[in-house]
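Report on one structure; see the data block that follows.
These values consider heavy atoms only, across backbone and side chains, with no hydrogens, waters or symmetry-generated copies. Residue numbering restarts at 1 for every chain, and letters A, B, ... go by the order of the sequence lines. Everything numeric in this text was worked out from a predicted model, so none of it was measured.
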Protein chains: 2
Amino acid sequence: MPGTRRLPTRDQLAAWRAFIETTELLRSRIGGRLHDETGLSPGDYSVMLALSEQPEMRSSDLAAHIGWERSRLSHHLGRMERRGLISREDCATDNRGSQVRLTPRGREAFEAATVPHLRAIRELFVDALTPEQIGAAAEIAGALRTRLKA
Amino acid sequence: MPGTRRLPTRDQLAAWRAFIETTELLRSRIGGRLHDETGLSPGDYSVMLALSEQPEMRSSDLAAHIGWERSRLSHHLGRMERRGLISREDCATDNRGSQVRLTPRGREAFEAATVPHLRAIRELFVDALTPEQIGAAAEIAGALRTRLKA
DNA sequence: CTCCCATAGTTGACGTGTCCATCATAGCGA
DNA sequence: TCGCTATGATGGACACGTCAACTATGGGAG
């Protein structure tokens, strides 16, 4: 059947839909619990996780570290700064740059969020799967990422 | 170690991160290709897929069918209406309700989008995985969904 | 030293998603 | 019929993401 050749089969499509819809639901549930229990969004958590390991970073380095576009990070840091979670100050060695750091309040919020977040991951991801399935999930992620890089 | 008991292990956490980050990247790549090649967003596609199977639907039924909140659908339909993809009109049997339908232009856009979208799914998902991995992905989705429903 | 381009970062516009408030109608029980 | 509650749908406020434009500084080629 020309024109439909090489399109996914019914089963493949069903697997695709189940996979993509469920991962989306999982993401939103984990994010929702994080937000409800700690007041932090997943984006906040990523930023703060990086800053907790390296307390002072250039904005671009931070963006690269967490895999975000600079613009996205700039918008997000603006919101986090308004909430008093991080601060930005001029960079001594490059007048274009800015250093980002956690405020004491930010560090406190991050530390309070760690255990609830890990617990949500355990409950909704780890505990939902067998050890074999967790391994398979990691392998699937690897295979998909390889394809996405090509 | 009280307080950290039952938190994910290092390996489990690595699997979680790989899984969630890769599925997010996959989603955005498929969505990006859909948008670039057809001008439709994934949200547009979901709405139009439902309407292509049942040409006239109540807004609430449509929302339930695709698993969206009514408010989200209302906002999205507003944007789609501005672009001439769908139309809304009063419902004859319930004065509160509205009927949603594809415009001719909407139907045309949807039909033009189907093959490119399926092709993207094949290239970035189906072709990235072995048949066993596709089966495992479906099973993982099922297991996660079962847990999410509880 | 000057010019040119690359880089750091911000901003505006806009699509998207959630939460919550609002409003009108439907539908039921007294 | 009257009034109460549930439901259908919309709207505003705000967070989040992307894209493209813009500002300003850095740094090398000549």
Side-chain angles (χ1 to χ4, degrees), chain A residues 21 24-36 38-48 56-83 85-101, chain B residues 21 24-36 38-47 56-101:
Chain A
E21 287 172 8
E24 168 59 22
L25 181 59
L26 176 61
R27 173 190 333 284
S28 90
R29 285 293 188 78
I30 297 261
R33 279 191 45 167
L34 181 63
H35 190 273
D36 291 348
T38 74
L40 299 181
S41 70
D44 298 335
Y45 193 86
S46 293
V47 167
M48 295 166 98
E56 189 150 323
M57 287 179 88
R58 293 289 295 270
S59 183
S60 282
D61 294 341
L62 178 53
H65 190 74
I66 61 181
W68 287 13
E69 294 180 14
R70 279 205 317 274
S71 163
R72 175 181 177 186
L73 181 60
S74 183
H75 284 299
H76 204 95
L77 290 179
R79 292 188 293 267
M80 291 180 76
E81 197 169 32
R82 281 207 303 275
R83 290 189 291 149
L85 298 173
I86 58 104
S87 63
R88 284 184 281 199
E89 42 202 276
D90 294 346
C91 174
T93 60
D94 183 340
N95 285 326
R96 295 167 301 179
S98 76
Q99 297 283 132
V100 184
R101 62 171 66 167
Chain B
E21 288 171 8
E24 169 60 23
L25 181 59
L26 177 61
R27 174 191 331 286
S28 90
R29 286 293 188 78
I30 297 262
R33 279 191 45 166
L34 181 63
H35 190 273
D36 291 349
T38 74
L40 300 180
S41 70
D44 299 335
Y45 194 86
S46 293
V47 168
E56 187 151 325
M57 287 180 86
R58 295 288 296 271
S59 184
S60 281
D61 294 341
L62 178 52
H65 191 74
I66 61 182
W68 286 13
E69 294 180 12
R70 278 206 317 274
S71 165
R72 174 182 177 185
L73 181 61
S74 183
H75 284 300
H76 204 95
L77 290 178
R79 293 188 293 267
M80 292 181 75
E81 197 169 31
R82 282 207 303 273
R83 291 189 290 150
L85 297 173
I86 58 102
S87 63
R88 284 185 280 200
E89 41 202 278
D90 293 347
C91 174
T93 60
D94 184 340
N95 284 327
R96 295 167 303 179
S98 77
Q99 297 282 134
V100 184
R101 62 171 67 167

Nearest heavy-atom pair of [X] and [Y]: which atoms, and what distance?
X	Y	result
A:L77	A:I86	O-CD1, 3.7 Å
A:R58	A:C91	NH1-SG, 3.5 Å
A:G31	A:P42	CA-CG, 3.8 Å

Whole Å only: how far is the [atom1] atom of [X] from the [atom2] atom of [N]?
X	N	atom1	atom2	answer
B:D94	D:dT10	CG	P	12 Å
A:R27	C:dT18	CZ	C1'	16 Å
B:E89	D:dT10	CD	C1'	18 Å
B:H35	D:dT18	NE2	P	13 Å
B:H76	D:dT10	NE2	C1'	16 Å
A:M80	C:dT10	CE	P	14 Å
A:D90	C:dG9	CG	C1'	11 Å
B:E81	C:dT16	CD	P	15 Å

Between A:G97 and B:D44, who's closer to the 5' end of DNA chain C by nearest nucleotide?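 Nearer the 5' end of the strand: A:G97.
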5'-most contact on DNA chain C: B:T93 or A:D61, nearest heavy atom basis?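 Nearer the 5' end of the strand: A:D61.
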Just compare [options] and give me whichever is closest to any side-chain atom of [X].
X	options	result
A:S71	D:dT18, D:dT25, C:dA26	D:dT18
B:E69	D:dC19, C:dG9, C:dC19	C:dC19
A:R72	C:dA8, D:dG17, D:dC16	D:dG17
A:S74	C:dT10, D:dG17, D:dA9	C:dT10
B:H75	D:dA9, D:dA20, D:dG11	D:dG11
B:R79	C:dG9, D:dT10, C:dT16	C:dT16
A:S98	D:dT10, C:dG9, C:dA24	C:dG9
A:R70	D:dT18, D:dA15, C:dG9	C:dG9

Backbone N or O of [Y] within a donor-acceptor pair of the [X] side chain at under 3.5 Å?
X	Y	result
B:D44	B:S41	yes
B:T38	B:H35	no
A:S74	A:R70	no

Strand DNA chain C as a dot-bracket string - pairs counted if Watson-Crick or G-U with both distances under 3.5 Å, | where the partner lies in another strand: ||||||||||||||||||||||||||||||
Name the residue closer to the 5' end of DNA chain D, choosing between A:R96 and A:R82 according to the nucleotide with the nearest heavy atom.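 Result: A:R82.
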Within the 4.5 Å heavy-atom criterion, are A:S59 and A:S98 side-chain neighbours or not?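 Yes, close enough: below the 4.5 Å cut-off.
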Can you tell me if A:N95 touches the phosphate of C:dA8, counting only side-chain N or O atoms and a distance under 4.0 Å to OP1 or OP2?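 The answer is no; no side-chain N or O of A:N95 sits under 4.0 Å from OP1 or OP2.
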Categorize B:R88 for me: base, sugar-phosphate, or nothing, with a 4.0 angstrom heavy-atom threshold over every strand shown.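 Result for B:R88 = sugar-phosphate.
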Between B:E56 and B:Q99, a side-chain donor and acceptor under 3.5 Å: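 The answer is yes; a qualifying pair exists.
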